[in-house]
Amino acid sequence: MRDATPEQTPETVHLADYAPVPVTVTHLDVSFQLDPKATRVSSRLTCKRQGPGEMVLNGEGLKTLSVTLDGVPLDADRHTLGDRTLTLHGAPDEFLLETVVEIAPADNKALSGLYMSNGMYCTQCEAEGFRRITWMLDRPDVMATYDVAIDSDLPVLLSNGNERAAGVWHDPWPKPTYLFALVAGDLVATSDSFTTMEGKDVALNVWVRPGDEDRTAYALDALKRSMAWDEEVYGRAYDLSVFNIVAVDDFNMGAMENKGLNVFNSRYVLASPETATDADYANIERIVAHEYFHNWTGNRITCRDWFQLCLKEGLTVFRDEQFSQDQRGYAVQRIGDVMNLRARQFREDAGPLAHPVRPESFVEINNFYTATVYEKGAEVIGMLRTLIGAEAWDQGIALYFERHDGEACTIEDWLAVFEEAAERDLTQFKLWYSQAGTPRVRVTEHFSDGLYRIDLAQSVPPTPGQPDKQPMVIPLAFGLLDREGNESRPTEVRELTTAGDSLTFDLAEKPVLSILRGFSAPVILEFDRPDADRLTLLAHDTDAFCRWEAGRVLAKDRLMRAISEDAEFDAGWLDAVATLAQDDNAEPAFRALALALPSEDDLAQSLHEAGIVPDPERIHLTRRAAQMAVAERLANALPDLRAANATPGAYSPAAEDAGKRALSAGLLKLQTMRDGGAAARRVYDTADNMTDRMAAFACLLDVGDPDVAAQFEADWSHDRLVMDKWFMAQVAHATPVDAVGVAERLTKRADFDPSNPNRFRAVIGGLTAGNPAGFHRADGSGYAFVTDWLLRLDPSNPQTAARMSTAFDSWRRYDADRQALVREQLDRMAAADPSRDLAEMVARMRAA
Ligand code: BES
Ligand code: ZN
């Protein structure tokens, strides 16, 4: 059993210990003789000494057949072949190192390295998967050009770069191992082309299994829009003659930015109106853009080491969010991104897994592809832009591309270009990269004798390993409204840099403060203020984020008081919600967001922070009661409102129609609370697209419709991606009492294949994320069920097991009995000799 905390385990890697390699690799010649059980990988590394020391190559699970240096087999005294290292003693200044190894892709269920999925060969090398393919310096600061030859009978043989002959690829751009990719299979492409602003013609292909060709159009379209956008907005053009995207069914993550050969989880490529929802389309658009944008932010300029992960991920998320805002509308996209940040990153920051945007140590790097590195990393960049202004931002990023093209960089390199461009010292700003925890900003207002004063106080809570914090630079965008709701002072940005500060204004009457406009900093605002002000903002604020936020704060306040004090839902609040829902001047997507109540998890966290121990069942029931109250208030208006937001004609995934469908779905949920599912049944039976069908399916599951699950299955059992939705929805929409039983029953089906991460996440994640009251059942059955499955998956796929284990990271919020039940399961996992991945997560969650 492993009892050490991550800090004490011998495998812990520290940022402070970074040292460049003594011998680097500048070119790699690698050939593959593909075979499911015995693939032979022959590689020739062009090596060059850069300093004193031994060359230590990485390898994992390789059957080593030969090692030669400059054509001569290596004597025993000139190398040491370890389990996971190959050390060369006294290597010359320049040499060729050749190795031949054998691996078994068909046995690789970890989906890292070279593996098989439905008869197709596929690789995933980030972060440290290349070492499972052949001996190499498997670290991002070693950048080499590649020649790859693939020997196989399969018709389609792909790798990075440009194709020189069938199955022979050359990548002229030096890259780290993690960007290597190989795909071989019976695949078909949907093709197109793009001419770059530099006049280069690029062939574009989306490769899928035969039969899926009719679902590739949207991904291809998103790719072309991404290419044009990166040219327009960042001046970045593509740099090879081909860009390939491959869809694979078995994939741990969403997608991967391998140079010229992006590999995607098929759920983020394949879409047709009949099988994909609006959310799927939005995800595809965003992820295609994200991986494409990595070509500059990640591939051309990469990370020196994995501690710098946010250098590429935070920046690329920032860029894909900008892209989505441009494609879909700023306000709605921003609100959605903030909701996601709060749901995942604020939660992470508030618990035992809190860590800085740039962590300082890790055991398993795969455990640090987190909401903090990604989403908070993107927010930090947004703040940087706000602080230095758009012009200095544009100059700084241009300088970054110019100065660091072809390099492996650090956050210091990144900040230096903006310090130069803005002529500003960013020392205090850099705390955003090193201090974990979500800052709190307390706002108090005072008005007397024509003087309006805002007092601001900040604090950053303690997090694991960081008991004391320094004040941060917090950009606060704000504006003022008069009592009638007219904007009396437009948006400006002030910086809070000390523990406390004040702003004063000479005004005849007390204004309504609209603060943290556009969510200008990833902080929690503590602002006790009159409801009247919130209602004014909800009705009139020009800043869409603050307008939405005012409604959210009102709703949360009502829900929390109903949960903790049995308070009634007052007419004032219900009227405001109803008014906005019916406000034809607001766009439907915004109204849909305003109609949605805070999630059960959000409420649990807020109650905990208010010193109230959350009861998941009570939260669930109260939230439903609130929905019912809204439904009653809107009652007779619901059918007409739905009709007014119908989307007749052919399905279009564009934001405008998607917004109407989102509002209709919210309204249908309310209507279902009143009619027992009659309207939802009509929608289900007549829907011509998966968005409407899934919305109705969820409603019918909510009311316990006895037939709908079987009907859905009869229609869709042939379709893996649609069936993932079916699995998940049944667990998420089961009553809390039934949820574990439903999940358990589903795992017994023949088509529940836990080695497929999408299917595993559908059922296990359907419980942990989709049905919190069921997961947190007081008898502990949810905790035991999830632990059983994590332990079953861990030996074959530690990465996904470790990722899913984060479901337990909120355990300290709950009552002593639940805490004891979770601790029992964490202890059980720790004692089960888990993978390094899962062991690290469990140790961190137990420690705090
Ligand atoms: N580089 C990552 C994929 C990755 C993550 C590989 C972890 C290995 C380990 C990729 O660029 C990425 O970030 N993908 C995201 C989606 C994106 C839109 C945020 C993913 O896969 O979830
Ligand atoms: Zn990424």
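Start at 1 and go down the list; that is how both ligands and their atoms are numbered.
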Those residues at least two apart in sequence (or on a different chain) that pass side-chain contact (heavy atoms from CB on, under 4.5 Å) with Ala343 are none

Within 4.0 Å of some non-hydrogen atom of Ile287, the atoms of ligand 1 are 18 (C)

Asp305 side chain to Leu15 backbone, donor-acceptor under 3.5 Å = no

Gly254 versus ligand 1: do any nitrogen or oxygen atoms come within less than 3.5 Å of each other?
yes

Checking heavy atoms under 4.0 Å, the part of Lys312 that sits near ligand 1 is side chain

Salt bridge or not between Arg344 and Glu375? Use side-chain N to carboxylate O under 4.0 Å. yes

Residue set satisfying salt bridge (Lys or Arg N to Asp or Glu O under 4.0 Å) with Asp278, at least two apart, ordered chain then number -> Arg661

Main chain of Thr800, side chain of Asn252: is a donor-acceptor contact present, judged purely on distance under 3.5 Å?
no

Quick note on ligand 1: atoms under 4.0 Å from a heavy atom of Met256 include exactly 1 (N), 3 (C), 6 (C)

Which atom of Glu313 is nearest the Zn ion (ligand 2), counting N, O or S only? It is OE1

From the list Tyr400, Phe401, Tyr433, ring pair (Phe, Tyr, Trp, His ring centres under 6.0 Å) partner of Trp414 resolves to Tyr400

Answer key: the N, O or S atom of His290 nearest to the Zn ion (ligand 2) is NE2

* Asked: Is there a nitrogen or oxygen of Gln799 sitting under 3.5 Å from a nitrogen or oxygen of ligand 1?
  -> no

Charged N to carboxylate O under 4.0 angstrom, Asp724 versus Arg267?
no

of all protein heavy atoms, closest to atom 16 (C) of ligand 1 is Glu291 OE2, 3.9 Å

inquiry  = Would you call the rings of Phe180 and Phe130 parallel, tilted or perpendicular, taking 30° and 60° as the class edges?
reply    = perpendicular

Checking distances from the Zn ion (ligand 2), one finds that the N, O or S atom of His294 closest to it is NE2

The closest protein heavy-atom partner of atom 13 (O) of ligand 1 is Tyr374 OH, 2.7 Å

Going by the 4.0 angstrom heavy-atom rule, the piece of Glu257 near ligand 1 is side chain

**Message:** Check Arg209 with Asp249, please: is the shortest side-chain N to carboxylate O separation under 4.0 Å?
**Reply:** yes

If we number the atoms of ligand 1 from 1 as shown, the ones under 4.0 Å from a heavy atom of His294 are 11 (O)

for atom 3 (C) of ligand 1, nearest protein heavy atom and its distance come out as Ala255 O, 3.2 Å

The protein heavy atom nearest to atom 7 (C) of ligand 1 is Tyr369 CD2, 3.1 Å

Query raised in the report: Counting N and O atoms only, with roles assigned by atom type, does the side chain of Ser324 sit under 3.5 Å from a partner on the main chain of Glu321, one being a donor and the other an acceptor?
Result: no

Checklist line | Gln124 N/O to ligand 1 N/O under 3.5 Å | finding: no

Among non-hydrogen protein atoms, atom 8 (C) of ligand 1 lies closest to Glu126 O, 3.2 Å

